Every structure is written in structure tokens, then in C-alpha cells.
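Labels below follow one simple rule: chain letters A, B, ... track the order of the sequence lines, proteins then strands, and each chain is numbered from 1. Not measured: the values here are computed from a predicted model.
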Amino acid sequence: MPLQNSSKTRRKCVLEISDGSQYEGDLIGAPLTSGGELVFTTGMVGYSEALTDPSYFGQILVFAYPLIGNYGIPSIPPSLSLPIPRGIESNKIHTAAVILTIDSEEAFHWNSFQSLDQWLKDQGVPGIVGLDTRHIIHQIRQSPGLLAKILPEAPVGTRRLGNLPLPQNDGFFDPSKYEVVSQVSTPSRLRLGKGKKRIGIIDCGVKWNIIRQLIEHDCEVELVPWNENLADMDCNGWLISNGPGDPMMTGNLRQEVSRLLDQDRPILGICLGHQILALASGAQTTRMTYGHRSHNQPVYQVGTRTGYMTSQNHGYVVDEATLKPGWVPWFRNANDQTNEGIRHVEKPFRSVQFHPEAAGGPRESGWIISEFVAEVTCQ
Amino acid sequence: MPINKKLSNLGRTPKILVLGSGGLSIGQAGEFDYSGTQAVKALREENIDVIVVNPNIATVQTNPQPGVTVYLYPVEPHWVEKIIEKERPDGIVAGFGGQTALNCMIALHDQGILEKYGVINCGTSVATLKLTEDRDLFAKRMREIDIPIPPSFAATTLNEAKAAADNIGFPVIVRAAYALGGLGSGFAANHAELESLVVPALATSPQVLVEKSLKGWKEVEYEVMRDCEGNIITICNMENFDPLGIHTGDSIVVCPSQTLSDDEYQILRNAAQKIVSSFEIVGECNVQYTLDPKSHEFYVIEINARLSRSSALASKASGYPIAYVAAKVVLGFDLLELINPVTGVTYAYYEPALDYVTIKVPRWDLQKFKGASRQLGSTMKSVGEIMSIGRSFQEALQKAVRMVTENGQGISGYKNEVMQEDELCQQLKNPTDTRLYNVIQAFRVGWDIEKIHKLTDIDRWFLAKIREITIMETTIANLAQGPLVTLSDDAFIEASLKKLTPQSLRQIKILGFSDEQITNLLLKTKDLRLQQKPQTENTTVLPTQNLSERRVQNASLIVRKLRKSLGITPVIKKIDTTAGEYPSPSNYLYMSYLGLYHDPMVDDFKPPALVLGSGAYRIGTSVEFDWCSVSCSQKLVREGWRSIILNCNPETVSTDYNSSDRLYFDEMTLERILDICDFERPKGVVVCMGGQLPNKLAKPLAATGIRLLGHSPQTIDLAEDRSKFSALLDQLGIDQPRWIEARNDHEISEFIEKVGFPVLVRPSYVLSGAAMRVAYDKGSLDEFLAAAGDVSLDHPVVISEFILGAREIEVDGVARDGEILTAVVSEHVENAGVHSGDATLVVPPQKLYMETVRRVRGAAKLIAQGIKLNGPFNIQFLAKHNQIKVIECNARAARSFPFVSKVIGLNLADVSTDVMIGRPPHLTRTSQEDLPHVGVKAPMFSFTRLSGADPVLGVEMASTGEVGCIGPSFDEALLLSLEAAKCKRPKKGILVSAGPEYEKMKFLESAAYFKEIGLPLYATDGTAKFLALHGIDAIPLAWPGQGPDDALEVIKKGKVDLVINVPKALEHQELTRGALIRRTAVQFGCSLITNMEATNAFVQAIGRNPDFTRDHQVMPLPPYA
Ligand SMILES: Nc1ncnc2c1ncn2[C@@H]1O[C@H](COP(=O)(O)OP(=O)(O)O)[C@@H](O)[C@H]1O
Ligand SMILES: Nc1ncnc2c1ncn2[C@@H]1O[C@H](COP(=O)(O)OP(=O)(O)O)[C@@H](O)[C@H]1O
Ligand SMILES: [Mg+2]
Ligand SMILES: [Mg+2]
């Protein structure tokens, strides 16, 4: 029996999980079936940033906070152009579906353009409300890697995720089996902003706030597709962006990046970019039992007592034991001591597992991006 | 080098002095009982010897315990210096005792005392404290680090304030430095209003800030913690439901914020980090902002670099033990090395993630103060608060209303007199303490969100959530249109609910409606139909009369039965600070209908007992009852029981994560207690520790078959029911003041014919104003009866003879199966007529005849056997010419329990718990007569915050807190406790205005001592003439407004600092000349005494101890026997 809160009568919708459990809630958004990996976030704010974060591609996002959509959804431009409006991290929803306890049907915030339900409908994304999200999160924690399906009453179709094939005989769709980066990277090169320094962003699903912050540090930015040949690129520094999926499922990107290690232009890796830089340097990544999915992950700079509150969303981690000579741990997680960042002892190469650009979540590690830009010199 | 490192290589156990906050008052209340107790606990864990200086004898912080030495002394520099001189502590912690501890710390530093004795300041430096408390220096620093602050100027004189206001432009707000709870603050629209605010503010504070008023913007607070390494965490943010202009302490506060986007959340979070770093705060800090509802623009309002009411709320809302961690941080530990004790897994360097919404609602008692303005503004007036937890905004809000009104019917039970349009507009525009119900009322009569938002500036999101509740109210009420009105209540309810699908009944519960609320709505409609009122189809005008609590409570059990049969029951969820991301052994629980599964719980196989707490603090129920609940719970834990506490007050020690094995932070209603019992299956429920609220639930609980620990339901009923108890006293041959329960005027006049005036009048149903008053003549009797509504069959009034000049005596003790195990006799300084809660209490008695004490003990013994007392009890007597009369018996712990227990060295709550679980009690052998000291308990009042209220004592309680001190003699204990209660020893001059003749006669007893005191003595003309007749020369003063140098000028000019003013009659006459003198004395910081026995005791004690502060040898509270 769904925990129905809304006065409107809504269609029923079932959540089926790969561990055999099933829950019935109410449908919001588009009446489409959908499938993906079941993940959660405990962030209390920043839902529009999360839903448009390409790193969640192909995942069904469960919000721990029971009231979502309170301040509505800002207006979203059709494509990427300056100035980039705040409150969103790409121009569309990348999650396979969303699971909530309560959605706020009306929003009154001065920056709100439409309600969450309306936005999901426009974007063709299904969602379920009226579920005991705290219980579902306990389940996800018990057995990681769960997959799930969204089955609304009388669906009118299936949510397509990029051009990935639908699972055969309605099995569970598992995004980690595909090179999902290909679905969120820019199809072609794109130059933005004016500035003395030109930063090449290897776009694995870059969050727009990374671009905003580079522009604010008056750099010129060039978005490069994930599978581009980087040899003939002339830029003053490289940023390997965040993105979805398994770092090993990124084609030959890590070979391309390892070539960049031969020259001296500064490189910064963020989240997936951090894992790819580590692989390019010869280290390995492993899958975590729980993953970090929240806006309050505490990290500390190795060798100091200085901590930073960070926002994170990742299921894979760099194995420090496999770091090659010249590479050292830069940050670690204060709770489980897993690696949160590596750097090269001489060369200006470094990367972090968390999101210094935040959007949603705490912003105190933003200096990492400013220091990177400072290190970039224009030839 | 951090202090803890210095302390660890001292080569001996380090010793730290902790400053307490003193007695509770409006603006500085129970939160410092919680944070002070946590600080002591955290320091003891580092095996540090702790010295506590706090005269608040009722707090858990001043419990004698190993490694803790308690000094029940005023938190004033001269006393703290003497204690430092004796104890030689290594460090001092002052961030856990509110403004009192902070101001004392600054004074100790400025007077060089800390330096002289080498005492290290653990926590934020005094330089920083000054920066944050001095409003002008604070504004300058904000401008330096470019954090926006509203245009403002500091002023130390009225002219400077006037210039500032002209510069900024009206309206402005005036706020005092070194004050909290908005003391001395207010809004001014013109120079006249400005002057009326600035002059009194400058009398009690060195500086005021005149600032542009931004009334109507949002008010948002952040709780932040910084360690010595500079690491900063934001524990949580809180959004005020009420806009800027209503003090945060008087606002409904929602945590976490609901209407802030990620951008706004992080902008304010960044600013908080920048501010706290710039001040190099070490420990906890509250940052207060105002945010433009139409943009990202914000200003900082103030910061409080100490534990505060908001940090106590944040701690309970987030589950993060702020005070505990802050105590370690001020010692020098950094957040990365400290484990968070709630999770046991994560470190203290962590920002809690919540997966629920909490709402704090203040509790006001303004109706008890005749004449006090009920307007809400920038000065705090609430006496307590509650916090509710839910997984929907409506669930949390409806729970909060039931918690603060202490009535299961919540908003539907609220008397909703339908006001006219303009009166409702007025109430919404100028909010009073009924602000929330006026908003609900507006929705019920069909207003829309826009109209209410324009009048109140409340965010439309909140209003939209409230509208969903009032819409559902109408839906429920309409269910009762169908069934036959001739059915019994139970059958009628069952028929009404049958039409609901299980899904819609669940939705009603999800929107926060209690079973009693559903019953109220159905039965009101039934009664209305019975009276055949025409029902127009769409606008169901909700009937106005409210139903008796008992009828609704009984009928609600049918709703419960039906609901449970459909499987619609609440689930238990944990507060674990990680929103379920990490597994956590937390035992901090709440119940919600927005879930289908209980959180996994570990069974400890111990016999469970459910201890009901005291709910919101208010006049008559404060920290004393929380002390009893905590003592009982900790004793149960020691005896191998699983102690489960149910409470909803975020300021208390009982709602701390380690005061019990399991804590349900939820509503104290029959429904929720039954829900908890369904899951926990307790061996019994303890109703005798939390004061009036749980005691009232004893009967309905027992009726549903729940076993009570301690007194049987029959015993509780015998003690509570006036006529049954009176009949028993007659049977036992124990005298009592004559009384009747009059049902008409004839019976009243017949009784008065017999006993004569004065009489004590108690109407059974009180519309508003005092529930109990003394009538001296026919005129005042008629006036009071008119205000109390018509005396009739179902609204009888109890009238008893009022015995003038009687001594009042109390017996606090514990009995088992009718036999008294231990009983302590205490005496009031004031004669009967001042409520026992406002009286000055003395243990052991000083001026009673031995024969009187013998008779009192004998009567208590008979009563205990008579009603088979089995647990804690309190009996109140009057005594005159050795004749004793019983006025009241409470079959529960009384508010004097912590005071009496600490003075005689035996925890009566522990003894009561032994009786309740059938263990042989541990008793003390020393009788109270051989005690090496005398204990005096004095009340604390908050009249400074209640503009318009007449600060006089009467039969109805008015104090908001208490202090208790011990001394080798009655004089010394009295002087200490009166100083701690802000009734300071006069240094400039004394003004006396003794009303009636017999009071003037009593005053002569102190006459001889005035020469000893040697201060100028002023008197109003009647008293001056009387004193002259008896050889005492006093400077005569004209009554207010009748001469150049009248009594008010003398006070305003600071020529006197003690005013003795005994009112004509024990009546409240608002605008009498005496009331004007009393109010002016309070407003200008003069000590005020309005009772002649207390005056004589105080004046004689001063006379006999001229250099008390110099001569007195400080003595700690001895440990329990
Ligand atoms: N500039 C202002 N305009 C309007 N209201 C204000 C302003 N500054 C403060 N207030 C109101 O006054 C209350 C008390 O002010 P505050 O500085 O917090 O005093 P305190 O130190 O006593 O808490 C605030 O909670 C706020 O509601
Ligand atoms: N008959 C009486 N004569 C004189 N004083 C009385 C009498 N009854 C009560 N009082 C005074 O009124 C106070 C409150 O009365 P009480 O019955 O104790 O009410 P409550 O239930 O609020 O404690 C008592 O503490 C006592 O000082
Ligand atoms: Mg404040
Ligand atoms: Mg009483």
C-alpha cells in the first residue's frame, strides 16, 4: 500500500528489485517503464543538480531526504551556452528514474520555473513516490550492485537511455556493462569563453559547474569528446571530467591520457577523471562495497590535520597499494581511509575522487580548481 | 600547543572549572542544563577533575558525583575568584553556561583573575567573545571580511542613538550588547519609540546597536563547530517559519531548511565558515542570517560564540552531540581524531545527513501574566519549547501542535472562535502567541495562500502544506454527515470510517492526524447535527464548542482498533546522523506513518520500563521534573532494566542520547504511548516522575490495561480528586481548610456567610487569565467570577477559606505499600498565599515549633497509609498556632525533589525507583536535623521580558526557574540563593512601600537592622509617616506623578537598587501606583521584593552579615550519603 500523500489520484507504479523484493507506489513523471542500477544520495538539497549530473547516467536514484522538489526546478536552456544558469549540471535528466517518499507538487521559490513532476514528464523520465526510501536504502547497503525496474500501470513505452539496447526478455538493465561515457560525452569539440589560458576538458559527462568555475577563472574552455585523439590538441592544461560507469569501460581513454603524462602541461582529474588518471599512471581501481553517495563525505589532506567536507557519488575507488613510483596519495576519506586523491611528486598532475566544483554540496575544496588554473601557464 | 596536550603532561590529574548558567529564565533556559551536563560528562571521560559553579540545584549538572565538585554559588566574578583561589583549577570552560557564564568569564579575564591564578581559557578567546558580543565591533569585522551586514551604528547614549536613526532612516531595530533573548531590543518607527527602547536598554547594557529594520525577510540560522586546527563543520541549518522580526526563540523553527535551494544553502554555509575562521572560534558557534525571499541577497544578523538554545535544538534535530564534542574540542582535540559517539563508526568531523524534518514550536505562558502584552517581536517571551520529528511536514507540524498544547486533539481541538475579517487580519499582521492557529483559522474560513502570505510574510511553501491539512479536516468532518446521529459515539465513528478505503485512512495518518483528532472532527459534526443546525453542502462550518478530553480519548480507541485491523500502524525510525548511509547502533528513535518497516533494533533481553518525561518546560514544570526522569532512568539502567524514555523537549538532559537505553523523541499522548507499548511490551510505565503531564495520563493508560509502576491508579485518583481526598482526610481526622464546590450564587454566598473573607476561588473552566485568585471582598469575588464565566452545573467553582498569616510546610518523601520510607520536612519563608513554586524553601525548617513538625509527620504517615502511597509523594500543609491543615497531596515527584535530595544527601528519585522495581531502597541514616548545613531554594522570575505584567507573587505560580544554595547558617544560604536569583544586596539605597497596616507592623522587625546596613532609606509617604512614628527616618517620596522627585524618578536615576513593595491586597491591580513602582524597578534592574516575611529575612541576614562576601568560606555540595 503506497504511502500516498498527494490529494490528486495518481497511477500506481511498482518498483521491482533484482533481490526479488517489490514495492508499490504512485507514479510521477512520464508513464514509461525504465531500468538501471539502484543507487541513493543523502543530500538534503541539490536535487535538480543531481538529476542532471551525467555521472548518474543509467542509475535509478533514490533520495534519502523524504521531501524533494520543495523549491521547484529552474528554467533550463536547450543547449550549453554562456552564461550557464545555476541549479542544473547539464541540459537534461540522465538518471533512468527517480524514487522519492514525497514530491512537492507546488513550488514558490523565486527561481522556480516548473514543478518536479512536470519536469520529469517533459523529460520523459518516470518516478515513484510514496515508498519507504529509508528501508530501500538499507536494502541497497545490504547487497551492493542491485538493479531495479520501474513498472507503471499501463505504460506507454520505455525510457531509452541514449542509444543503448533495451534488456532482452525484460531482464534487468545493468549500465556497468556498457561504455556509458559514450552516451554523455559531447559529440564534437566545443569552445566556450575567452581567456589567456585554454583548458582542454576531456568530456566524460562533465558537470556544468566545472565549466562555470573555469570560465570564472577567465580561462577559455575546449570540450573534447571522450574518444578524441588528444595528440594534436594545443591547450595549456587538461581537465579529465567526472562521468558515469566503470573506469575500465572507457575505451582507450586511459592510453590517450598516459601519453599526456609524457609532457608537462598540468592535468587535473575529477571523480571518474581521477580514476582514469590513476589507470593511466599504471595504478588499478576496485569496486567498493558501499560507495560514497552523499554531500557530507569527510576527507583530509594526507600528512595534515586539515579536513574538507565534500560531495561524492562513486562506486569505484583507486587502490593506493598499486600506485607507481612518483605518485602519492593526496587525500583520504576520514571515515574508511579509502583513497580520495593522488598527485605526482614532481609533475603538475593531480586528481581528486570528490567534486571540488560541488553543485550540490559543500564548496570548501574549490581551491583545488583555482590552484590548478594558477599552475597552468600560457605558452 | 593545544590545552589537552598541556594538561596531559602535568604529572597529575588536571582540574577544570565549568561555569554554569544559573537559574532558568526566559531566553536562557533548560538548554544549558543539557549542554552543561554534557560538558561535565565529556571532561570526566578524559579523567579530568571537574569543578562546577552553578546555583541551579535542579540541574543534572550539579549532581554530586565522583570526580565532580559542585559549588552552588552565583556565577559572579567575586564568588568564582574565591572558588578558584581554593580549588586552583588548571583551566576554565565558559562556553556552556549561556550569557551568564560568558559575561562572568569576560569579567574574570578583565580583572586579571585568570592570569593571577594561571587558569587557561579552554575555548574561544575572550578577545573574540568581546568582538562577537559588542555589536559595533562585530559590524566592523563583518565589513572587513566583506560579509554583508545591515546598515547600523552603535550608540552608548540616547543622542548617539537618535543620530544613528536619522542616518539610517526609520523603521529601525534597537538591540543591546552582551544580552540574549532580545533583552532590551525592539522596533522603533519614530524618535519617541526609539527613546522608550534606548533609555532602559542602556540601564542594563553598555551599548545598543541601531540597525535598519528588514522585517519580513527570511531568518535562517547555521550551527557551526571549529576546532583548533581550523577544521569547520556545519552541523545543520534551521529555517524560521516566522519571518525576521520575531525572535528566533519565539519563532517556529524548521530543521533542515525546506525552501532554500542548494545555492542559497551553500552561500550561507560558506559565509559561516568565513566568519568563524576570521574570529578563530574554538568550539560551537551559532550564525544568524536574514535572506531576501526574492533573491540570493543576505545579511548576517549576529553570531553567538557559545552553546545556545539553537545548538541544543540542532543537537536533538540532527542527532549530533554538539555539547559533548564541543567540550572535547575546547580541550584541544581536533574533529578528525574524535569518534562520533552516536554512530561509534564515523568521526566527529562529519556533517549529519537527515532523512526526516523536525519542527520546534515555542511554549508561551503569557495568559498567566495579567497585563503582559501578547505581541511577538524581537524580545523573547516563550518559557519553553518542544520539537517534533516526522517524515512529512504535516506529520511533524501536527505532532508539534499536540506536543505544545498537551492535548491529543491538536489543531482540531483548538478553540476556533470564528473572528470577524478585520480582527483576523489584525491578528495575522501583528502576531501574538496564537499566530499558528490564526493562520489555520484563516484557511478554514476560505482565505487563500496569497492573502495570508501578504499579511504574515510566511513562506508560501509552508502555507501550502498547512492548507492541505485544513482541506483534509473538512474531508474527515464530512464523513460524519452520513451515519445516524442517534448511534453511540463508538458506533457512529465506526460507521463514519467504514466509508474510507484503507488507502485514504493511511493518507489521513500520513497528514499527521491523531486518532483523537479524527474522533474530535467526527463527534463535533455529530453533536452539531444533533442540534439540527442547517448544514449547507460545501462550507462545513466547524462547530465551535470543544468536547471533553475524556469523551474524545475513550472514543478514539475505536479509531485505533479499526486502524490496527487494517494494518495501518506507525513504524519506528532511527536518528543516526547518516540518513541510513552507514549502519549505526543509535538508540535515538521516533515514529512515523511515512514508512512500512521498523528500523532494525538490537534486543538487549533486559526487562523494559517506559519513563514518561515532562514535555515542554512551562511555568510550574521545569528542569526539576527532568532531573527526576533522568535519575529514574539512570537508576533503572544501573539495576539492569532497559530504560526507555519518551519526551519531546529538545532542551533536556532526558532527551540526550545516553540518558537511557532507548529514547523515543515523540509526542506524549495516549495514542503514541500505546504505539510504543505495542512494540516494547514494557513491564510498566512510570508516570510519577515527569510532573503534571504524565500524571494526567495515568488514568486513561491504566484503563487500557497498561501496568503503572509505583502508585496504583486508585491512589493517583484519590490524591487528584478533591472531594475523594477531602472525605479521606475527614475519615483520618486530619483538618483541612473548609471548602465547597459551588454550582450557583446561592451556595457561594451561603459558604461565605459561614467562613467569611478572604476566600480562595478556583473556577473549573477558565477562559483566560489566572486560574486561581484570592477574593478579599464581595466586589473582587464578583469581578473574578465574571471573568471565569458563568458558574453552573457543569462549570462548578471551588471556594475555600483562605487562612491569613499561616506558615506553609511541605513534606517530600517516598513510601512503599502505605509505609513512609523517608520524608523530608521543609518550610516556606513566605506565609501561605504565595504559591509553593514561587516561595523561598528552607531545609531543615528554621522557625517551626517541634510540635508542629511532629504533627505534620504524623499526618503524613496517616495519609500514606490512607491512600496506600507506593512511590514518591509531596504533601502541603498550613500551620497556625500549632494547628495543621492539609491543602494538597501529590502522588508523584514534586518540583522540590532535586533541591531536597541534594541538601539531605539522598536521591529521592532513586529511592522511588527502588520501590517501583521492588528492590530494597538504600536510605541515609542522618536525620535532617543533624545536617551540617542549611539549604535555601529561591525562585527566578522573568518579569523583565514581560512588559506590562505586574511583578507580584500570588497563589498562582509565576516563576520560570529556581536556584538553591547551601550554607553553614540560614542567613548565609539565604543571601547566596537570593543573589543567585538576581535579588542582589543593595549598595546605593532602599525604597520601601509597605501597603496594608499589618504588613507595615511586620516590617518593624527589620527596622533595627537598617542602621547596620547604613544606606539611604526612601519611603512612599504613608510608609514614611509610619516609620517616623517608630523612630526610623526615611526620605519621603511622592507617589508616581504627584511630585517632582516621585518614587519612579528615584529608581530611574539609579539612587536605589533595592525596592521593597508589598501590594495593598494579594490582588492584581494593573494600574495601581504600586504596580507602576514594581514594573519600573524590574525594568531598571533594581532588586524587588514583594513579600514582607522574605523582606525581614533578607534585611536581617544583610544586617547580621555586613561583609558577607569577604567573610564567607566557600563550601562545596557534599556527596550523596
Ligand atoms: N535588522 C533587523 N530587522 C528586523 N528584525 C531584526 C533585525 N535584527 C534582528 N532582528 C530580530 O530580532 C531578533 C533578536 O535579534 P538578535 O540579534 O538575534 O538578538 P539576540 O542576541 O537576543 O538573539 C532576531 O531573531 C530577529 O528576528
Ligand atoms: N486555604 C488556603 N489558605 C491559604 N493559602 C492557601 C490555601 N490554599 C492554597 N493556598 C496557597 O496557594 C498556593 C497554591 O495552592 P495549591 O492548592 O497548592 O495549588 P496548586 O495545585 O497549584 O499547587 C499554596 O502553595 C498556598 O500558598
Ligand atoms: Mg539571536
Ligand atoms: Mg501546590
Side-chain angles (χ1 to χ4, degrees), chain A residues 1-7 23 40 42-49 64-67 70-72 74 86-87 101-102 104-112 130-135 137-138 141 290 292-296 298 300 304-309 334-335 358-364, chain B residues 229-234 256-263 265-266 269-270 273 293-295 334-337 345-347 349-357 391-393 459-461 464 468 471-472 502-503 506-507 510-511 567 571 573 578-583 593-597 599-600:
Chain A
M1 187 192 320
L3 308 171
Q4 192 226 358
N5 180 45
S6 134
S7 48
Y23 304 100
F40 65 90
T42 62
M44 294 177 275
V45 280
Y47 50 81
S48 50
E49 288 90 341
Y65 197 70
L67 296 104
N70 295 5
Y71 49 89
R86 304 202 60 83
T101 300
I102 295 173
S104 192
E105 290 161 72
E106 285 168 288
F108 304 89
H109 192 274
W110 57 275
N111 195 28
S112 170
L131 294 188
D132 185 345
T133 49
R134 183 171 168 85
H135 176 72
I137 288 172
H138 283 178
R141 229 189 31 226
Y290 295 138
H292 295 147
R293 314 272 182 198
S294 61
H295 286 178
N296 60 356
Y300 64 94
T304 76
R305 309 289 304 168
T306 312
Y308 300 92
M309 215 37 74
N335 283 332
R363 300 177 176 180
E364 60 236 50
Chain B
E229 296 286 339
N231 296 315
I232 301 170
I233 55 171
T234 305
S257 61
Q258 293 299 309
T259 67
L260 266 62
S261 67
D262 177 72
D263 252 351
Y265 188 101
Q266 305 305 338
R269 182 177 176 282
N270 280 11
Q273 296 203 332
K294 300 189 191 59
S295 74
D334 72 46
L335 292 167
L336 284 165
E337 63 190 323
V345 177
T346 57
Y347 283 83
Y349 184 74
Y350 185 74
E351 292 193 353
L354 280 59
D355 58 1
Y356 46 82
V357 58
R391 280 171 61 78
S392 79
F393 184 81
D459 192 292
R460 293 176 183 84
W461 189 84
E468 283 169 31
I471 289 170
M472 183 56 86
Q503 180 58 27
R506 175 181 292 280
Q507 189 192 355
I510 281 174
L511 278 171
V571 289
K573 297 286 185 190
T578 65
E581 189 185 10
Y582 291 94
Y593 274 92
L594 277 134
L596 295 171
Y597 301 87
D599 270 10

Using heavy-atom distances under 4.5 Å, tell me whether A:Glu49 contacts chain B through its side chain, its backbone, both, or neither.
side chain
Is the backbone N or O of A:Gly361 less than 3.5 Å from a side-chain atom of B:Asp262, with the two atoms forming a donor-acceptor pair by type?
yes
Are any non-hydrogen side-chain atoms of A:Leu67 and B:Trp461 less than 4.5 angstrom apart?
yes
Return the CZ to CD1 distance between B:Phe393 and A:Ile102, rounded to the nearest 0.5 Å.
11.5 Å
Does B:Tyr265 use its side chain to pair, donor to acceptor, with the backbone of A:Pro362 at less than 3.5 Å?
no
With only heavy atoms counted, which part of B:Thr346 is less than 4.5 Å from chain A, the side chain, the backbone, both or neither?
both
With a 3.5 Å distance limit and no angle check, can you tell me whether B:Asp263 reaches the backbone of A:Gly87 through a side-chain donor-acceptor pair?
no
Segment of A:Ala358 engaging chain B (4.5 angstrom heavy-atom cut-off)
neither
Closest-packed option against chain B by number of heavy-atom pairs under 4.5 Å, given A:Ile137, A:Thr306, A:Asn111
A:Thr306
Residue, of B:Thr578, B:Ile232, B:Asn270, that accumulates the most heavy atom pairs under 4.5 Å with chain A:
B:Asn270
Counting only non-hydrogen atoms closer than 4.5 Å, does B:Pro352 touch chain A with its backbone (N, CA, C, O), its side chain (CB onward), both, or neither?
backbone
Give a yes or no answer on whether the side chain of B:Glu581 reaches the backbone of A:His292 with a donor-acceptor pair at less than 3.5 Å.
no
Looking only at B:Ser257, B:Ser295, B:Ala464, the option with the highest number of non-hydrogen pairs under 4.5 Å against chain A is B:Ser295
Residue part contacting chain A, namely of B:Gln273, when any heavy atom lies under 4.5 Å:
side chain
By a 4.5 Å heavy-atom criterion (distance strictly below it), what part of B:Arg269 contacts chain A: side chain, backbone, both, or neither?
side chain
Does B:Leu336 offer a backbone N or O that forms a donor-acceptor pair with the side chain of A:Arg305 under 3.5 Å?
no
Checking heavy atoms, do the side chain of B:Tyr593, its backbone, both or neither come under 4.5 Å from chain A?
backbone
In terms of heavy-atom proximity below 4.5 Å to chain A, should B:Thr234 be classed as side chain, backbone, both, or neither?
neither
What's the separation between atom OH in A:Tyr23 and atom OH in B:Tyr597, rounded to the nearest 0.5 Å?
4.5 Å
Let's test your reading of the structure: which of B:Leu260, B:Leu335, B:Asp459 forms the most heavy-atom pairs below 4.5 Å with chain A?
B:Leu260
With chain A, the option among B:Thr259, B:Val357, B:Asp599 that has the most non-hydrogen atom pairs under 4.5 Å is B:Asp599
Between A:Tyr47 and chain B, which part of the residue has a heavy atom less than 4.5 Å away: side chain, backbone, both or neither?
neither
So do the side chains of A:Glu364 and B:Asn231 get within less than 4.5 Å of each other, counting heavy atoms only?
no
For A:Met309, which atoms come within 4.5 Å of any heavy atom of chain B: side chain, backbone, both, or neither?
both
Do you know which two heavy atoms are closest between A:Arg134 and B:Gly580, and how far apart they sit?
NH1-N, 3.5 Å
Residue set satisfying side chain to side chain donor-acceptor pair (under 3.5 Å) with A:Ser112, at least two apart, ordered chain then number -> none
A:Thr304 OG1 to B:Glu229 CD distance, which is reported to the nearest 0.5 Å
8.5 Å
Would you say that A:Arg86 contacts B:Ser261 through its side chain, given a criterion of any heavy-atom pair below 4.5 Å between the two side chains?
no
Out of B:Ile471, B:Leu511, B:Leu354, which one racks up the most heavy-atom pairs below 4.5 Å with chain A?
B:Leu354
Set of residues satisfying side-chain contact (heavy atoms from CB on, under 4.5 Å) with respect to B:Ala579, sequence neighbours excluded
A:Thr42, A:Ala64, B:Ala353, B:Asp355
Do B:Tyr356 side-chain atoms and A:Pro66 backbone N/O form a donor-acceptor pair below 3.5 Å?
no
For B:Ile233, is it the side chain, the backbone, both or neither that has a heavy atom under 4.5 Å from a heavy atom of chain A?
side chain
Could you give me the CA-CA distance, side-chain angles and deciding distance for A:Leu3 and B:Arg506, then say whether side-chain contact (heavy atoms from CB on, under 4.5 Å) is met?
CA-CA 7 Å; A:Leu3 308 171; B:Arg506 175 181 292 280; 3.8 Å; yes
Do you know the tightest heavy-atom contact between A:Asn296 and B:Glu351?
ND2-O, 2.6 Å
